[in-house]
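Down below is the structure, laid out as structure tokens.
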Amino acid sequence: MNKSIVILISGRGSNMQALLEAKLPCRVAAVISNKADAEGLNIAKAHGIPTAVVSHRDHPDRASFDTALAGIIDDFQPNFVILAGFMRILTADFVNRYKGRLINIHPSLLPSYGGLDTHERALKDGVKIHGCTVHFVTPDLDHGPIIIQAAVPVHCHDTPETLAKRVLREEHRIYLQAIRWLCKNQVELNDDGRVTLRHRKQIGFALISPSLE
Ligand code: GRF
């Protein structure tokens, strides 16, 4: 267990919780929130993880907030910084400081549906397959190199809530997997901005939705 991570949250923290409840091959050094009332902070405390709050409201602009946040993160000297429902757009300076070490989970099959309200937008477009993505963070919002994705079917009577629930279940599985790979040095970030994985079997079947008769 020589690697460590810091997890950044803003709210409920179910992805963080899934990580804390799993057997990770790394130490969770701290959980940091930009909101003092984030429910996830209590979950982290219950797991005995050090927590901190850096409120964006205490800072006049993004740059000064990001500098304060980086200061706290660096106190813990993590190998990776894990964004788990952290709802702040980070400056290019911050992102570049953690190049190759800053990871995010996004509730869509990127590069489709970057940004907010992904489930509503997917339903409006009538897509039949939706999902989630774990990726390295770059200054290009929601466009960093992809590590792993999970696809789920969209059902005809789905609401944003039912679809979100199906996607969230997979988020919890793939984030854990991505962090395991990262901590075991199994993820390679290539110069062309694409990710390859060492010793990975490729699946040989398709997810077809709705299913064939
Ligand atoms: C997740 O859907 C995640 O993909 C997105 O924000 C949500 C956070 O949920 N970035 P939680 O706080 O982990 O429960």
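Note that these values count all heavy atoms, side chains included, but never hydrogens, waters or copies made by symmetry. Note that ligands are numbered from 1 as they come in the structure, with each ligand's atoms numbered from 1 the same way. Keep in mind that this is a model prediction, so the values were computed, not measured.
- Listed by chain and number, Arg12, Gly13, Ser14, Asn15, Gly85, Ile105, His106, Pro107, Glu171 each place a non-hydrogen atom less than 4.0 angstrom from ligand 1.
- The backbone N or O of Gly115 sits less than 3.5 Å from a side-chain atom of Asp142, completing a donor-acceptor pair.
- Every pair passing ring-ring contact (aromatic ring centres under 6.0 Å, His included) that includes a residue from residues 125-153 is listed here, sequence neighbours excluded: His119-His130.
- Remark: side-chain polar atoms of Asp66 are not paired, donor with acceptor, to backbone N or O of Phe94 under 3.5 angstrom.
- For the pair Arg166 (side chain) and Val154 (backbone), a donor-acceptor distance under 3.5 Å is absent.
- Note on residues 72-86: pairs passing salt bridge (charged side-chain N to carboxylate O under 4.0 Å, His left out), not counting sequence neighbours, are Asp74-Arg97.
- Identified under the salt bridge (charged side-chain N to carboxylate O under 4.0 Å, His left out) test for residues 203-213, with sequence neighbours left out: none.
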